[in-house]
Every structure is written in structure tokens, then in C-alpha cells.
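Chain A is the first sequence line, chain B the second, and so forth, proteins listed ahead of strands; every chain is numbered from 1.
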2 protein chains.
Amino acid sequence: MAAAADRDTKRPARMSVWLDGKAASRGRRAGGDQPSGLDRERITSATVRLLDAEGLAKFSMRRLAAELDVTAMSLYWYVDSKDDLLELASDAVAGELVLPDPDADPDADWRDQLRDLTQGYRALLVRHPWLSPLVGHFLNIGPNWVALSLCVQRLIRRTGLPPERQAGGIAAVFQFVYGFGTIEGHFRKRCAEAGLTQDEYFAHAMGAVGGRAELAPVMDAAREMVEARSGETVDDMRDHDFTSAVDLLIAGIEARTVR
Amino acid sequence: MAAAADRDTKRPARMSVWLDGKAASRGRRAGGDQPSGLDRERITSATVRLLDAEGLAKFSMRRLAAELDVTAMSLYWYVDSKDDLLELASDAVAGELVLPDPDADPDADWRDQLRDLTQGYRALLVRHPWLSPLVGHFLNIGPNWVALSLCVQRLIRRTGLPPERQAGGIAAVFQFVYGFGTIEGHFRKRCAEAGLTQDEYFAHAMGAVGGRAELAPVMDAAREMVEARSGETVDDMRDHDFTSAVDLLIAGIEARTVR
DNA sequence: ACCGATTCCCTTACACCGTACAAGGAGCTT
DNA sequence: AAGCTCCTTGTACGGTGTAAGGGAATCGGT
């Protein structure tokens with residue numbers, strides 16, 4: 001299968017674990033521990049570990065259960081569905097982001113904070129390539145995602161962008177990072193699976209493409225753009241592109257700012 | 001299930017239908033028609049129709065086969081795998097985009113062309129919500145995707161952006177549109193599935209969120225941003241955000257341009 | 001007109017998925 | 001000791017993608 005783009009059966013139509021999910025207090029019985037040592041947090045963290053290790057495609061309730069020495073159905077005592085579990089995992093890793101507090105230090109430059117935050121978000125998406133399909137699919141209203149979007153909101157307010165442009169600014173910046181991180185993470189995952197470095201994989205792809213005459217213009221264009229950039233490795237080029245894109249966004253914000 | 005983010009079994013590790021796929025010439029036998037009227041083009045167009053109608057989640061080889069009055073395995077004569085088929089479908093709809101020819105009319109303003117192209121791309125992603133997971137997952141080197149990226153490349157070259165910034169500019173613009181269109185398309189799909197208009201759904205979600213005290217700041221922030229914008233419907237707000245984001249990107253490009 | 005090769009489609013079967021359902025066992029309260 | 005609640009498990013259903021092989025129709029060459 002290709003893309004983790006969908007999960008919907010015909011059930012009631014939930015919006016989010018955070019709204020309709022069963023109480024998180026499952027587990028924690030009065031007297032002592034659970035027979036199996038299971039626990040919502042242990043489950044989500046095992047989920048994250050598995051997703052990191054083997055990807056969204058290979059993740060299954062049965063596989064996770066095996067990892068926890070338990071049957072698949074036991075998990076359903078703590079979680080309503082696989083989707084809910086994934087939503088929990090998504091919020092869990094969102095908590096890895098270190099958020100600046102834009103209002104704490106009035107002298108801090110929003111430019112620096114924006115650069116840090118976008119780099120952090122990008123790194124997050126790359127570190128957990130399974131994340132971006134989920135971000136695209138859920139409402140992202142878990143505590144950590146909420147914290148992030150509040151932070152982003154405060155940050156953008158400090159740019160001086162007029163209020164009616166702020167939402168557009170947020171979209172421009174963070175949808176960009178989302179798209180960029182998605183592609184980058186996916187590419188890196190592909191390389192890892194093929195057992196190649198990024199540069200090897202890139203060379204391999206170029207070779208394969210080179211075999212097709214009709215793709216020649218693409219090759220030319222690609223070569224051209226590669227030469228225009230300073231770096232030599234794929235990583236260098238990507239870093240260059242990312243920072244120059246963010247730089248461009250910052251320039252755009254400044255240009256649309258009331259002074 | 002949630003996201004169509006993945007399909008990888010343990011097979012040889014293909015890169016793309018366009019590189020290793022079986023010859024497209026399957027079908028078209030010399031003397032007359034196929035016994036079942038099957039044909040690679042008929043299959044892909046049926047795939048697109050089904051994906052549009054029921055989404056990536058519900059799409060399956062068996063379902064498609066039923067639509068074509070054929071068994072599932074028959075399809076595998078024309079296509080190596082479900083993934084290959086999806087890649088074909090992806091390129092098929094990419095062909096719906098009308099591309100400007102930036103070099104044809106030297107007087108045309110690149111700003112207008114960029115606005116048109118981004119709107120077209122956005123509309124494409126919204127019209128086919130199943131597309132974006134696929135775009136994230138494949139190499140997108142089918143003829144139509146290639147045509148698009150060549151066009152984008154020529155377009156960006158006309159902005160006056162210095163060469164080493166062009167890749168970043170492309171990324172900033174098109175990853176943004178990708179992210180934006182992904183979210184928008186997904187949201188609209190959700191609404192349609194729930195049988196609600198976007199505004200009803202939005203109101204419903206706000207109501208549900210309002211039930212949780214810890215989410216109050218989000219509500220406030222959301223209200224605030226809603227009020228800052230002119231439009232009243234969700235659609236209006238989104239259009240406003242999109243155009244203002246593109247406007248911001250254009251401003252950024254201009255600011256980083258050599259004159 | 002015959003024959004082997006090619007092309008096309010179908011049947012069967014496998015391993016896997018998410019999860020509904022109901023029965024069971026352990027521990028606490030009474 | 002009985003009963004209750006919490007937790008775990010076994011079994012089963014209806015789906016998935018697709019490997020393997022069978023059989024029919026049609027082709028090219030004779």
C-alpha cells in the first residue's frame with residue numbers, strides 16, 4: 001500500500017479522542033497495578049516507538065500487542081480504536097517541540113523565534129515520518145498541538161502583520177513547513193528502507209530517469225538547479241532551500257507589515 | 001483507519017510505475033477489442049471516478065473490479081500493483097491543471113501567472129482529496145507532473161529571483177499550496193461525509209470544543225481571528241487566507257529579487 | 001486447416017488487517 | 001463465601017493486496 005491517507009469505517013463518526021474518547025483514566029485500579037502492567041501512557045509510548053522503528057504502514061494493533069506481551073483486544077480496553085491511538089501518538093510527539101514564549105521576553109526578535117520554531121517543526125516531521133499523514137487527518141486538538149498553535153498565534157501577532165493578514169501569514173509559514181517536512185521525511189525514509197544514503201539514492205534515481213529520453217528536460221532542469229546552489233550533498237541543498245524559503249517568508253511578512 | 005500514508009510490503013522496492021512499470025501497451029490487441037473491454041486508460045479513469053466518489057479509504061482492487069464487471073485479479077494484467085494504479089491516477093488528474101506558458105508571452109506578469117497556478121493547484125487538491133497523500137508518497141515523475149514542475153521552474157525564473165534562491169522560492173510557494181490544499185480538501189471531505197455544510201460543521205466543532213474548559217484559550221484565539229477577517233462563511237475566510245498568503249509570498253519574492 | 005505461442009481473464013488460496021462479541025479469571029468489597 | 005468490577009483472552013467476521021496456476025480465445029506460421 002502507498003499512503004496512510006485514510007481510515008474511516010462506518011462507525012458513529014467521531015471527531016477526536018480528545019472530544020469523544022473514553023476517559024483516559026482507564027487503568028490505574030484502586031489497590032494495585034494492572035495484571036499486565038498496561039496503561040494508556042505505556043501504550044502510546046510503545047506506539048511511538050514502533051512507529052518510529054517500522055513506519056505507519058507496518059504498524060498494526062496485533063503487532064503492538066505482541067510488543068507489549070498482550071493480545072490485541074486488550075488494547076481496546078484503554079483505547080477505542082486504532083485511530084484514537086494514532087491521535088494520541090501524534091499529540092505525544094508534538095510535545096517534543098520546545099516552544100518559545102513570545103510574550104516573555106519583549107526584546108526577543110520574532111524572526112529568530114520563527115526560524116527556531118520552523119526548524120523544530122521540520123525536524124519533528126523528519127524524525128517521525130509517520131506524523132504528517134496523521135497531522136493531515138486529525139483535528140490536532142490535543143494539549144500539545146493546542147499549545148503549539150497558541151504559541152504560533154502569539155508569535156505571529158508580534159510580527160506587526162495587520163490582524164486580517166495574520167491567519168494568512170500563519171498558513172503560509174506552517175503549511176510550507178508541513179509540506180516541506182512531509183516530503184523530506186518521506187524521502188529519508190525511502191533511503192533508509194533501500195539501505196542507501198540520500199546521495200546514493202538521488203544518484204540512483206537520476207540514473208533511472210536518465211534512461212528515459214522524454215525526461216531529459218527534467219534532468220537538465222534538475223542539474224541546473226543543483227549547480228545554482230552551493231552545497232554538494234542532498235542534505236546541504238535541502239537545508240539551503242529550507243532556510244532560504246523561510247527567509248523569503250520573513251521578507252514577505254516584513255513587506256506586508258504596518259510600520 | 002486514518003491516513004492513506006503507507007503502502008509497502010516487502011517487494012523488490014520499486015521507484016515508480018514510470019520507471020519499472022510493465023509496458024503501458026498491455027491491451028490493444030491487434031485484431032479487435034479485449035474480451036472484457038479492459039484497457040489501461042479505462043482502468044485509470046474508473047479509478048479516478050471511484051476515488052472521487054468514495055475516497056482513498058474505501059478504494060480497493062475488488063471494488064474497482066466490480067465497477068468494471070471483472071474480477072480483481074484481471075486488473076493485475078494491466079497493472080503491477082495497487083500502488084502503480086494510484087500513481088497512474090495521480091498523474092491523470094495532474095493533467096487537469098491548465099499550465100501557463102511563461103515564456104510564450106514576454107509581457108505577461110509572473111504575479112498573475114503564479115496566482116492562477118496556485119489557485120489551480122489548490123482547486124485540484126480540493127477537488128480530489130485523495131490526491132495529496134499520493135503526492136506525498138510517490139516521486140511524481142509522470143508526464144503531467146513533469147510538465148507542471150517544468151512550468152513552475154520557468155515561471156520562477158521569470159521572477160528575477162537569483163538562481164540560488166529559486167529552489168527555495170518554489171518550495172515556499174508550492175509546499176504551502178500543497179499543505180493548504182491538503183487540509184482544506186480533507187476538511188471539506190469530512191463535512192460531506194457528515195452531511196453538514198462547512199459552517200455547520202465548524203459550529204458543531206466549536207460547540208464540542210467549548211465543552212472543555214482547558215480549550216477556552218483556543219476558542220478565544222479562534223474567535224479573535226475570525227473577527228479579524230472580513231468574510232462570514234468558512235469559505236470566505238479560507239479564500240481570504242489563501243490569497244493573502246500568496247500575496248505575502250509574492251511580496252517575499254519581490255523583496256529578495258535582484259533589480 | 002492445423003498447431004504452438006501469446007494474450008487475456010478467472011479461480012483459488014494465503015497471510016494479514018481492525019474489531020465485535022462473549023466468556024473467563026483475578027482481586028476487592030460486602 | 002458470594003458478588004461485583006476490572007481487565008484479559010479466544011474466537012470469529014468481513015475485509016484487504018496479491019501470488020500461483022488453470023483455461024479459453026486468438027494470433028502467427030506453416
Side-chain angles (χ1 to χ4, degrees), chain A residues 1-12 14 21-40 42-43 47 50 54-66 68-87, chain B residues 1-12 14 21-40 42-43 47 50 54-66 68-87:
Chain A
M1 295 282 297
D6 20 35
R7 340 174 167 277
D8 347 77
T9 51
K10 72 208 71 161
R11 283 189 305 173
R14 308 266 305 261
K22 65 175 59 172
S25 56
R26 281 296 167 91
R28 298 270 152 264
R29 73 164 51 183
D33 286 342
Q34 259 60 9
S36 62
L38 238 51
D39 169 338
R40 202 161 175 158
R42 257 174 61 75
I43 293 179
T47 300
L50 249 178
E54 311 188 355
L56 186 50
K58 299 197 167 179
F59 177 82
S60 78
M61 296 303 271
R62 296 194 219 276
R63 179 83 188 73
L64 173 63
L68 292 166
D69 275 316
V70 148
T71 56
M73 289 311 291
S74 299
L75 304 171
Y76 285 92
W77 178 255
Y78 300 90
V79 155
D80 271 348
S81 67
K82 186 185 181 184
D83 262 29
D84 280 9
L85 187 50
L86 292 175
E87 212 174 340
Chain B
M1 294 284 295
D6 20 36
R7 335 168 174 282
D8 349 75
T9 51
K10 72 209 69 157
R11 285 188 305 173
R14 307 268 304 264
K22 63 176 58 173
S25 56
R26 283 293 169 90
R28 297 269 149 263
R29 66 164 60 184
D33 286 342
Q34 258 61 10
S36 62
L38 238 49
D39 169 337
R40 203 162 175 160
R42 257 174 60 76
I43 292 179
T47 301
L50 250 176
E54 312 187 355
L56 186 51
K58 300 199 167 179
F59 177 82
S60 79
M61 296 304 269
R62 296 194 205 318
R63 179 82 188 74
L64 172 63
L68 292 166
D69 275 315
V70 148
T71 55
M73 290 311 290
S74 300
L75 303 172
Y76 285 89
W77 178 254
Y78 299 90
V79 155
D80 273 347
S81 66
K82 186 185 180 184
D83 262 28
D84 280 11
L85 187 50
L86 292 175
E87 212 174 339

In whole Å, I'd like the distance from the [atom1] atom of [X] to the [atom2] atom of [N].
| X | N | atom1 | atom2 | value |
| --- | --- | --- | --- | --- |
| A/L68 | D/dT9 | CG | P | 11 Å |
| B/I43 | C/dC9 | CD1 | C1' | 12 Å |
| B/W77 | C/dT11 | CH2 | P | 17 Å |
| A/R40 | D/dC7 | CZ | C1' | 16 Å |
| B/F59 | D/dG15 | CZ | P | 17 Å |
| A/L64 | C/dC17 | CG | P | 12 Å |
| B/M61 | D/dT16 | CE | C1' | 11 Å |
| B/K22 | D/dA19 | NZ | P | 10 Å |

Check whether any side-chain N or O of [X] sits under 4.0 Å from OP1 or OP2 of [N], and answer yes or no.
| X | N | value |
| --- | --- | --- |
| A/S60 | C/dC17 | yes |
| B/Y78 | C/dC9 | yes |
| B/R62 | D/dG15 | no |

Filtered N/O pairs between nucleotides 20-24 of chain C and protein, under 3.5 Å:
unit_1 : atom_1 : unit_2 : atom_2 : d
C/dA20 : OP1    : A/R11  : NH1    : 3.3

*Can you list the residues that meet the side chain to side chain donor-acceptor pair (under 3.5 Å) rule with A/T71, with sequence neighbours excluded?*
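A/T71 satisfies side chain to side chain donor-acceptor pair (under 3.5 Å) with A/S74 only.
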
*asked:* Under the rule for side chain to side chain donor-acceptor pair (under 3.5 Å), what residues qualify as partners of B/R62, not counting sequence neighbours?
replied: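 For B/R62 there are no side chain to side chain donor-acceptor pair (under 3.5 Å) partners, ignoring immediate neighbours.
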
*asked:* Under 4.0 Å, counting only non-hydrogen atoms across every strand here, what does A/S74 touch: a base, just sugar-phosphate, or nothing?
replied: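 Base contact.
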
Mind checking the [atom1]-[atom2] spacing from [X] to [Y]? Nearest 0.5 Å is all I need.
| X | Y | atom1 | atom2 | answer |
| --- | --- | --- | --- | --- |
| A/Y76 | A/K22 | OH | NZ | 10.5 Å |
| B/R40 | B/L75 | CZ | CG | 12.0 Å |
| A/S81 | A/M61 | OG | CE | 7.5 Å |

*B/R63 (side chain) and D/dT16 (base): donor-acceptor pair under 3.5 Å*: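 Counting by modelled atom types and ignoring angles, no donor-acceptor contact under 3.5 Å is found here.
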
*Taking only residues two or more places apart in sequence, or in another chain, which ones meet B/F59 in a side chain to side chain contact (heavy atoms under 4.5 Å, CB included)?*
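Result, side chain to side chain contact (heavy atoms under 4.5 Å, CB included) vs B/F59: B/T47, B/L50, B/L51, B/L64, B/K82, B/L85, B/L86.
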
*asked:* Between A/D83 and A/R14, does the side-chain contact (heavy atoms from CB on, under 4.5 Å) criterion hold? Intermediate values first, please.
replied: CA-CA 10 Å; A/D83 262 29; A/R14 308 266 305 261; over 6 Å; no

